[in-house]
Every structure is written in structure tokens, then in C-alpha cells.
Amino acid sequence: MAYQSWVFRSNQSSYDLKLEPVPDLPESQITPDSVLIRVRAVALNYRDIIGWKNLAGRPVDGRVPASDGAGEIVACGANVRDWKVGDRVAGCFFQSWQSEPFEMRHHKNDLGGSINGMLQEFISLPESGIVRIPSHLDFEQAATLPCAALTAWVSLVCRGKLKSGQTVLCLGTGGVSIFALQIARAMGCEVIITSSDNDKLEHAKQLGASHAINYRQLPQWSNDVLRHTDQRGVDHVVEVGGPGTLEQSMKSVAAGGHIALIGVLTGFGAPATSLFPLVARNVRLNGIYVGPRDQFLEMNAFIERVKLTPVIDRVFEMSDAPDAFEYLASGKHFGKVVIRT
Ligand SMILES: NC(=O)c1ccc[n+]([C@@H]2O[C@H](COP(=O)([O-])OP(=O)(O)OC[C@H]3O[C@@H](n4cnc5c(N)ncnc54)[C@H](OP(=O)(O)O)[C@@H]3O)[C@@H](O)[C@H]2O)c1
């Protein structure tokens, strides 16, 4: 029986998405230490747009996209003891990264990057490359956790040492930022958020943001952040913008505060600003690349305890995956975009 898989195919300058039959039986993919998963839902990240549009020059020809997916185990290899058929699981972004510290070899094991990802009906993963999903979440909700949620969790909680009562600044209303908002609120923190869209700012306020700033209308938005924090600045910035937003982020952070350096929404270039203010103000600048499996497990326990529900903007069918990519690239979404496989 053939099954279906979306695949990046080179078109010279970037990649097309092609739905292709996979000829071999799914069962033939199982090794003694792996499980076979019927993927039920996949969530897209900006990273998938970077691959699709070839924004980082990373070759992905023939690669199955998407790091983030959830489904149920349909078969287990002979040596697998911790999992059984029917278990509801999600894949880990870095299949080999179990715990801190990070090592560069893990870049060879990122789903949807160096190895085939989740945008297919079946995937075989090592038993050490999956986690149980929170019991209150369905597959579509759980599919959003491996990259966006874990990045927000690691940024704020594991590396940032977030404490109740602190103030967090989130940039924009995409996947990572809305998870950061939800996690910070669940931990008793205040959240300031920016967006290009006033309706999205209203939505963020309904989720608990106490102050919302339109970064298009106020390009020097750090002034507004400072005004709102009695000139002190915020304790944490979830920096998903990159070179085009770093200057404003540096002006927004409190002395002794923390910037989680995560994203490249404004590109991969150098920031056109001095980094010395970080030195002068004893700010921690922390490079984040998703997170290890043990922190994914900790996050899922937290999500289950506080009953955090991921914010999904739209769900697309498997056959419409290219429309989901287009939609994410348009930036019209709030939170996550999901594909039902
Ligand atoms: N290092 C890591 O581990 C890691 C993990 C996940 C993501 N990332 C990176 O983090 C970034 C966000 O990823 P994502 O998947 O959450 O993206 P996403 O869901 O596609 O979010 C896109 C949103 O970002 C906002 N945005 C765009 N340009 C902006 C700007 N100049 N200033 C402020 N906000 C801006 C827009 O929000 P509004 O519509 O509200 O304006 C846009 O809708 C990407 O660069 C991604 O590559 C890194």
C-alpha cells in the first residue's frame, strides 16, 4: 500500500511542494528501536517558509517538510519497551538532543531540515525522539508543541529563569510569541506585545496581554515599552525579529534583564546598531535553538497542569498543504497554522 507525503522539489531558485506516493510499506521503515506513527496533524513554523522560499540557502530538495507533528503509534520495533500501539505522541525537533548542553551534531537530526519531517501520513522515529502529548490536547493542538511552544518555554523558563511578577515583551503574534504570552501569563507574569495589526492586538489582550503596541504605527516602540514600565524596561524580550528589531528590543530591556535571541523575521543580516548597550546594562543575550527532549517533557507536564490550550488560527486539509504554507507566509495568522494529515 502506498501512502502520501509532501516533498520539497527544487525549482532552481526555491522549492515547490509536491504530493508524492511513498512506495514502500510503512512497516518496512521500523527498526528495532523505533516506532511507526500515523501522523494525524502537522503544524507549520516560519522555518518551513525559510526552507520553501530558500531564504537561508539550505538545500532541502527531496526533503519532507515540517518539524512539528503529532499522531498515534501503530507499530513498535522489537526492542521498544516504553511505548505501545495507540500511544499519542509528538516528535522532537532535534531527534538526538536529549538534554543540555547542545552539541552541533544535533543539527544533522532536525525533522524537516536535515532529515525528513512530519508532513506525511506515516513516520518512523526512534523511541528516544518522541514524547507523550498532554492528555487534554487533541492531535491538532499537540502538533504545535515541538518547535514553537518549546522555543518559548526554553527561552523564558529554562534559560530565562522566568519568575512570577516579571514582565515579558513578545514581538508580533506568530506561533512562538503567542506561546510565550500564554506561558508567561500562566506563570503570573505581565506581558507586553507588539503587532502590525490592531485586531490582533485586541486578541492578544483577550489572552491576557496588559499592553499592546502597533509596531507599524510606532516604529520606535521601545519608548512605549519604557513608558509602560515606568522607564525601567522589561525583564525578558522574546526576540523573534532579528536584525531589524534588535535595537528596539535592546532599548526595551531592563538593566540586568534577558533577551532570548530566537528569530530572523527581518532577515539574517547584521544588526545596524551597537551591541554595547547590552554590556553597559548587564543584559543577558541568550541564543536559543528550540530545546532538548527533557525540557519538552517538563513543558508538557506544565501545559497539562495549567491546562494551556494552543491557539490555532486555521486548520488545512492534507491535500491543501501548499495553501497552508501560503497562508503562513502571508502573516495573516494569529498563533498557529495546522494541517490535518
Ligand atoms: N531559534 C529557534 O529555536 C526558533 C524556533 C522557532 C522560531 N524561530 C524563529 O522565530 C521567528 C518566529 O517564528 P514563528 O514560527 O513564530 O513565526 P510566525 O508564526 O510565522 O510569525 C510571524 C509573525 O511575526 C510577526 N512579525 C513579522 N515581522 C515582524 C517585525 N518586524 N516585528 C515584529 N513582529 C513581526 C508578525 O506578527 P503580526 O502579524 O502580529 O505583526 C507575523 O505574523 C522566525 O524567525 C523563526 O525562524 C526560531
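Here, residue 1 is the first one in the sequence, and each next residue gets the next number. Note that the structure is a prediction, hence the values are computed from the model and not measured. Indexing begins at 1, ligand by ligand and atom by atom, following the structure's order.
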(request) Salt-bridge test for R9 and E20: reply yes if a basic N is under 4.0 Å from a carboxylate O, no otherwise. (result) yes
Quiz item: Hey, does the Lys NZ or Arg CZ of R340 hover above the aromatic six-ring of F316, less than 6.0 Å from the centre and inside 45° of the axis?
Solution: no
Closest to atom 3 (O) of ligand 1 among protein heavy atoms sits V290 N, 2.6 Å
Under 4.0 Å and counting heavy atoms only, is there anything from the protein next to atom 42 (C) of ligand 1? no
Inset, instruction - Answer yes or no: is there a side-chain heavy-atom contact under 4.5 Å between I259 and V283? - result: yes
The closest protein heavy-atom partner of atom 39 (O) of ligand 1 is K200 NZ, 2.7 Å
of all protein heavy atoms, closest to atom 21 (O) of ligand 1 is G174 CA, 3.2 Å
Note: T245, heavy atoms under 4.0 Å from ligand 1, region reported as side chain
Flag the pair D313 and K336 as a salt bridge only when some basic side-chain nitrogen lies within less than 4.0 angstrom of an acidic carboxylate oxygen. no
The closest protein heavy-atom partner of atom 37 (O) of ligand 1 is T173 N, 3.3 Å
Checking heavy atoms under 4.0 Å, the part of S177 that sits near ligand 1 is neither
May I ask you to decide if the ring planes of F102 and Y289 are parallel, tilted or perpendicular, using 30° and 60° as cut-offs? parallel
Less than 4.0 Å is my threshold; does some heavy atom of I50 fall inside it relative to ligand 1?
yes
Please determine whether a side-chain nitrogen of the Lys or Arg among D68 and R47 lies less than 4.0 Å from a carboxylate oxygen of the Asp or Glu.
no
Exercise for the section: Assess G241 for proximity to ligand 1: is some non-hydrogen atom of it under 4.0 Å away? Expected result: no
of all protein heavy atoms, closest to atom 24 (O) of ligand 1 is L265 CD1, 3.2 Å
re atom 5 (C) of ligand 1, the protein heavy-atom contact at minimum distance is T151 OG1, 3.2 Å
If we number the atoms of ligand 1 from 1 as shown, the ones under 4.0 Å from a heavy atom of V176 are 6 (C), 7 (C), 16 (O)
Does D197 come within less than 4.0 Å of ligand 1, judged by its heavy atoms? no
Worksheet entry | More than 12 heavy atoms of other groups within 6.0 Å of R216 CZ | no
The atoms of ligand 1 lying under 4.0 Å from a heavy atom of S195, numbered in the order shown, are 38 (P), 40 (O), 41 (O)
### Query
Considering distance alone, does some N or O of S196 sit under 3.5 Å from an N or O of ligand 1?
yes
In ligand 1, the atoms that come under 4.0 Å of a heavy atom of V240 are 10 (O), 11 (C), 12 (C), 45 (O)
Checking heavy atoms under 4.0 Å, the part of T266 that sits near ligand 1 is side chain
Judged by heavy atoms only, the candidate from H333, K336, E239 nearest atom 22 (C) of ligand 1 is H333
Margin query: Between the side chains of D235 and R232, is the shortest nitrogen-to-carboxylate-oxygen separation below 4.0 Å, so that they form an ion pair?
Written below: yes
Is it true that E100 and R159 have a side-chain N and a carboxylate O under 4.0 angstrom from each other? yes
Exercise for the section: For this output row, return yes or no: ring centroids of W221 and Y215 closer than 6.0 angstrom. Expected result: no
The protein heavy atom nearest to atom 45 (O) of ligand 1 is V264 N, 2.7 Å
*Answer yes when E72 and R38 have at least one side-chain N-carboxylate O distance shorter than 4.0 Å, and no when they do not.*
no
Is any N or O atom of C147, backbone or side chain, closer than 3.5 Å to an N or O atom of ligand 1?
-> no
How are the rings of F94 and H107 set relative to one another: parallel (under 30°), tilted (30 to 60°) or perpendicular (over 60°)? perpendicular
Min over D313, D199, L150, I288 of heavy-atom distance to atom 2 (C) of ligand 1 lands on I288
Contact region, Y215 to ligand 1, non-hydrogen atoms below 4.0 Å, reads side chain
Taking C-beta and beyond as the side chain, do V35 and I30 meet within less than 4.5 Å on heavy atoms?
no
Parallel, tilted or perpendicular: which fits the ring planes of F302 and W153, with parallel below 30° and perpendicular above 60°? tilted
closest protein heavy atom to atom 44 (C) of ligand 1 is Y46 CD2, 3.5 Å
Per-atom filter on ligand 1: closer than 4.0 angstrom to a heavy atom of G263 are 9 (C), 10 (O), 11 (C), 45 (O)
